[in-house]
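Being a predicted model, the structure only gives us computed values, none of them experimental.
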Amino acid sequence: MARTSTVKLPPLNLAEAPKPTTLRSRGRSNSIVKVEHVGDRVEEVLDRNVYMNINADWVNAKGAWLIHVVLILCGKICIDTIPGMTQQISWTLVNLMYLAVSYLMFHWVTGIPFGDNLHSGAYDELTLWEQIDDGAQYTPAKKWLICVPIALFLASTHYTNYNPWLFAINLTTLVFVLIPKLPQFHRQRVRFMQDDSTTASGMATPTTPSFPPGVSTPLVKITAADFTESRFK
């Protein structure tokens, strides 16, 4: 004979609405380093294709490659005119000055200095290096801009008689300038101490607002008197 078992259920109060469960979201603390990708919005890509970007097209013009050599030689001559200047310090200063100007010009300043209204601000987030050849990698102009600082570093290393301290300074500066030229860092921005307090870790699903217990939606009783002709006049 089978044994019957009874299950007792707690009483259910239909008049009292269940309380919605509130999901807590933990706010993130400030990130020390944050990497962001910029310049991929569709409207910005369309604006870039409307007009020619003369801010970046000059690197492919005649004489644009030779001007780097001319500026390096002029800087070397000017530094050598300083009394008491040695060749080791002279070549180191030329290398550091060229790398500093190159980094400031190609990798620090964003946007275009003139005619920005023609592109509706499409280049505001892009550096000059990212604007060259429409962002294509390893083009002849970009290869030249990579080879010039490397050749200047080798020349400064040779003329400084391979001094270990000067070599370390020149090499550190060269690496600092070459890293933004790599395709892996194209349109990447490194932000320090970015405030992420407004972003929640695990967003809560919005809950449907409910009435307090015992409160129901008011009902309106409609009678035949509401459909008389005088009602609609």
*asked:* In the structure I gave you, are the side-chain heavy atoms of Y138 and K143 within less than 4.5 Å of one another anywhere?
replied: yes
_Nearest heavy-atom neighbours spanning V59 and A56_ = CG2-O, 3.1 Å
_I want to check something: taking the side chain as every heavy atom from C-beta on, are F153 and F167 in contact at a cut-off of under 4.5 Å?_
yes
*Is any side-chain heavy atom of W58 less than 4.5 Å from a side-chain heavy atom of L128?*
yes
_Counting only heavy atoms not in W144 (residues, nucleotides, ligands), do more than 12 fall under 6.0 Å from its CH2?_
yes
*Determine whether L166 and M97 fall in the same hydrophobic cluster, where Ile, Leu, Val, Met, Phe, Trp and Tyr are linked whenever their side-chain heavy atoms lie under 4.5 Å apart.*
no
*Do V148 and V101 sit in the same hydrophobic cluster, where Ile, Leu, Val, Met, Phe, Trp and Tyr count as joined when their side-chain heavy atoms come under 4.5 Å apart?*
no
*Drop me the distance from L99's CG to N95's CG, to the nearest 0.5 angstrom.*
4.5 Å
*How far apart are the closest heavy atoms of H68 and Y98, and which atoms are they?*
ND1-OH, 3.1 Å
_Same apolar cluster (I L V M F W Y, side chains within < 4.5 Å links), I82/I72_ = yes
*Do I79 and I89 have side-chain heavy atoms sitting under 4.5 Å apart?*
no
_Let me check something: do Y159 and L171 share a hydrophobic cluster, defined by ILVMFWY side-chain heavy atoms less than 4.5 Å apart, either directly or through other members?_
yes
*Compare all side-chain heavy atoms of P149 with those of L178 and state whether any distance is below 4.5 angstrom.*
yes
*Do K142 and F106 meet the cation-pi criteria used here (NZ or CZ under 6.0 Å from the six-membered ring centre, within 45° of the axis)?*
no
_Sub-4.5 Å side-chain heavy-atom contact between M85 and L93_ = yes
*Describe, in one word, how the ring planes of H107 and Y103 are oriented to each other, choosing from parallel (under 30°), tilted (30 to 60°) and perpendicular (over 60°).*
tilted
*Take D133 and N60 through the side chain to side chain contact (heavy atoms under 4.5 Å, CB included) test and state the conclusion after the steps.*
CA-CA 9 Å; D133 297 328; N60 294 313; 2.9 Å; yes
*asked:* Is the shortest side-chain heavy-atom distance between I169 and L96 below 4.5 Å?
replied: yes
*Connected via hydrophobic side-chain network under 4.5 Å: L104 and I146*: yes
*So do the side chains of I132 and L145 get within less than 4.5 Å of each other, counting heavy atoms only?*
yes
*Out of curiosity, Q87 CD to K76 NZ, how far, rounded to the nearest 0.5 Å?*
4.0 Å
*asked:* Just verifying a value: how many Å separate T92 OG1 and N163 CG, rounded to the nearest 0.5 Å?
replied: 8.0 Å
*Report the distance from atom CH2 of W129 to atom CE of M105, rounding to the nearest 0.5 Å.*
12.5 Å
*Among V177, T173, I179, which residue meets the side chain to side chain contact (heavy atoms under 4.5 Å, CB included) test with V175?*
I179
*Non-hydrogen atoms of A155 and W91 that approach each other most closely*: CB-CZ3, 4.2 Å
_Distance in Å, Q131 CD paired with T127 OG1, rounded so as to fall on 0.5 Å steps_ = 7.0 Å
*Give the minimum heavy-atom separation between S102 and K181, together with the two atoms involved.*
OG-NZ, 4.2 Å
